[in-house]
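See below for the structure under consideration.
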Amino acid sequence: MSIQPGGALTNTEVAKADLSTVLHTWSAQGTLDPLALADGNGSTLWDFDGREYLDFSSQLVNANLGYRHPKVVAAIQTQAARLAMVAPSHANEVRAEAARLIRERAPEGFEKVFFTNGGADANENAIRMARLFTGRDKIISHYRSYHGNTGAAIAATGDWRRIKNEYSHGHVHVFGPYLYRSPFWATTPEEESQRALEHIERVIEMEEPSTIAAVIIETVPGSAGVLTPPPGYLSGLRELLDRHGILLILDEVMAGFGRTGQWFALDAFDVRPDLITFAKGVNSGYVPLGGIIIPSAIAHHFDDRVFPGGLTYSGHPLAAASAVAAITAMTEERVVENAASVGDRTIGPGLRELASSTDIVGEVRGSGVMWAIELVCDQQTRVPLPAAQIGRIKAQLLAEGLLPLIIENRIHVTPPAVITHAEAQRGIAIIGDVLAEASR
Ligand code: PLP
């Protein structure tokens, strides 16, 4: 069947054409029934049958500016009409400006940006950089994490997606803090923090510190459940790694660019990373883009040594132009401040109210526009709500006009950072009604 993009189509026609030609990510193809999306504006999306959805997903947590942002769209159009493509070896003014704006939002001392196509290759190259800079090989990361789908990034990942992809060598995993399901029998955030630090310290000792290049963690583990680190964990980790000359790579691919209510999630903690990786929110995903923010010492290490890594589309001008426009718009329109305010004043209180009134809500946690609702069979045992029930909840949310992001037994509340208080309130009310019905 041949379809005309943009023509008058139905959801069924688009889904059928898609499934007969596209092999989808991370799935058994026969189980799929994709929602066909036709259009969007701000935090609203429409399917091909004309149904409207309030977006509580930001797709894969990347549409921080929502849809159809006029300044980002115009910047891509203008750049496409001038120089749509240029090799990374050439100098390009839009790429330099994107790097400057990104660097400006990082902590002091960060000097250069290495551009990639997305988050996985940002982490891949950060790991490569750490290995070359230290002359060491091993990489430590958390079990509850996702770092992307390339050789070392997927091996650093902790979740199920790693298991069939472990071809990169030298990876070691540890348990990070997760008080609600504490791997350390902790009962307070302070205990969880201290015991997680003791655990990673023992692992570092047993692995021989002088063989370890870096620890890579998400500042706020996202797909794993929005696991904001407890007080003292990141600063304690920094201190531990400094003692052994081990680098700290903070993966800000999901948490960065306004998601947590700060430009970078790390801004809320007393921690200084050695490398920062980003993607998603840097340009709200309008054109694929990611990268590494590099401090002077590591950047200049490669002044007289070759950095053995590159990509045809590194610093692609359409991606760079969209990043310049997106960062400028986020600044002028105070989008990061909006994310913080919606999180503090509407989403946080709304979800906490839900937790106190609904049996199947075990815990809510997060900040800004990055939250998770953990659904359980009962609040005492904390047994995760079974997949079949989660599936029914998802279908009901969609039927009520809310596009959710569901991962395992959790509803992730990750709307665009431009969402209004009223929209956030409306979405939480829908979730409240659906969960109340589900717990009856
Ligand atoms: N790191 C984190 C924290 C992520 O959430 C993701 C994607 O979800 C990635 C890395 C991989 O990014 P990409 O899919 O752009 O390669």
Answer whether the closest heavy-atom distance between the side chains of Ile294 and Phe110 falls below 4.5 Å. no

Assess the residue pair Glu437 and Gln396 against the criterion (side-chain contact (heavy atoms from CB on, under 4.5 Å)); give the C-alpha distance rounded to whole Å, side-chain angles, the decisive distance to 0.1 Å, and a yes or no. CA-CA 10 Å; Glu437 182 63 32; Gln396 197 55 38; 5.8 Å; no

Is Asn165 atom CG crowded by more than 12 heavy atoms from other residues, nucleotides or ligands, each under 6.0 Å away? yes

Side chains of Glu333 and His69: do they bring a donor and an acceptor to under 3.5 Å? yes

Please enumerate all residues that pass side-chain contact (heavy atoms from CB on, under 4.5 Å) together with Pro189, with sequence neighbours excluded. Leu179, Pro230, Pro231

Heavy-atom nearest pair, Leu237 first then Leu197, reads N-CD2, 3.4 Å

How far apart are the closest heavy atoms of Val369 and Pro415, and which atoms are they? CB-O, 3.6 Å

Using every non-hydrogen atom in the two residues, find where Ala15 and Pro34 come nearest and quote the distance to one decimal. CB-O, 3.9 Å

Is Leu60 atom CG crowded by more than 12 heavy atoms from other residues, nucleotides or ligands, each under 6.0 Å away? no

Applying side-chain contact (heavy atoms from CB on, under 4.5 Å) to Phe257 and Phe264, what does each step give before you reach the verdict? CA-CA 6 Å; Phe257 287 94; Phe264 289 104; 3.8 Å; yes

More than 12 non-hydrogen atoms from neighbouring residues, nucleotides or ligands closer than 6.0 Å to OH on Tyr313, yes or no? no

Distance-only polar pair, side chains of Glu252 and Thr219, donor-acceptor under 3.5 Å: yes

Does the pair Glu374/Arg181 count as a salt bridge with the N-to-O cut at 4.0 Å? yes

Do Asp274 and Arg238 sit within salt-bridge range, that is, some charged N less than 4.0 Å from a carboxylate O? yes

Nearest 0.5 Å, what's the CG-CZ distance between Leu402 and Arg426? 8.5 Å

Within the supplied structure, the quantity of interest is the number of heavy atoms (other residues, nucleotides, ligands) at a distance under 6.0 Å from Asp33 CG; does it exceed 12? no

Using the ring of Trp185 (Phe, Tyr or Trp, six-membered ring only), decide whether Arg195 places NZ or CZ under 6.0 Å from its centre and within 45 degrees of its axis. no

The criterion is salt bridge (Lys or Arg N to Asp or Glu O under 4.0 Å); which residues satisfy it with Glu198, sequence neighbours excluded? none

Residues Asn125 and Arg128: side-chain donor-acceptor under 3.5 angstrom: yes

Rounded to the nearest 0.5 Å, what's the gap from CD1 on Ile373 to CZ on Arg365? Could you check? 10.5 Å

So, Glu111 and Arg103, do they make that salt bridge, N to O below 4.0 Å? no

Determine the minimum heavy-atom distance between His147 and Ala156, stating which atoms define it. CD2-O, 3.7 Å

Any chance you could measure Asn64, atom CG, to Ser58, atom OG, to the nearest 0.5 Å? 6.0 Å

Where Tyr178 and Pro183 come nearest, the two heavy atoms and their spacing: O-CD, 4.1 Å

For the residue pair Thr157 / Asp159, report whether a side-chain donor-acceptor contact shorter than 3.5 Å exists. no

Ionic contact status for Glu201 with Arg243, cut-off 4.0 Å: yes

Would you compute the distance between atom CD1 of Ile347 and atom CZ of Arg352 and round it to the nearest 0.5 angstrom? 11.0 Å

Aromatic ring pairing Phe175/Tyr143, orientation class (parallel under 30°, perpendicular over 60°, tilted between): tilted

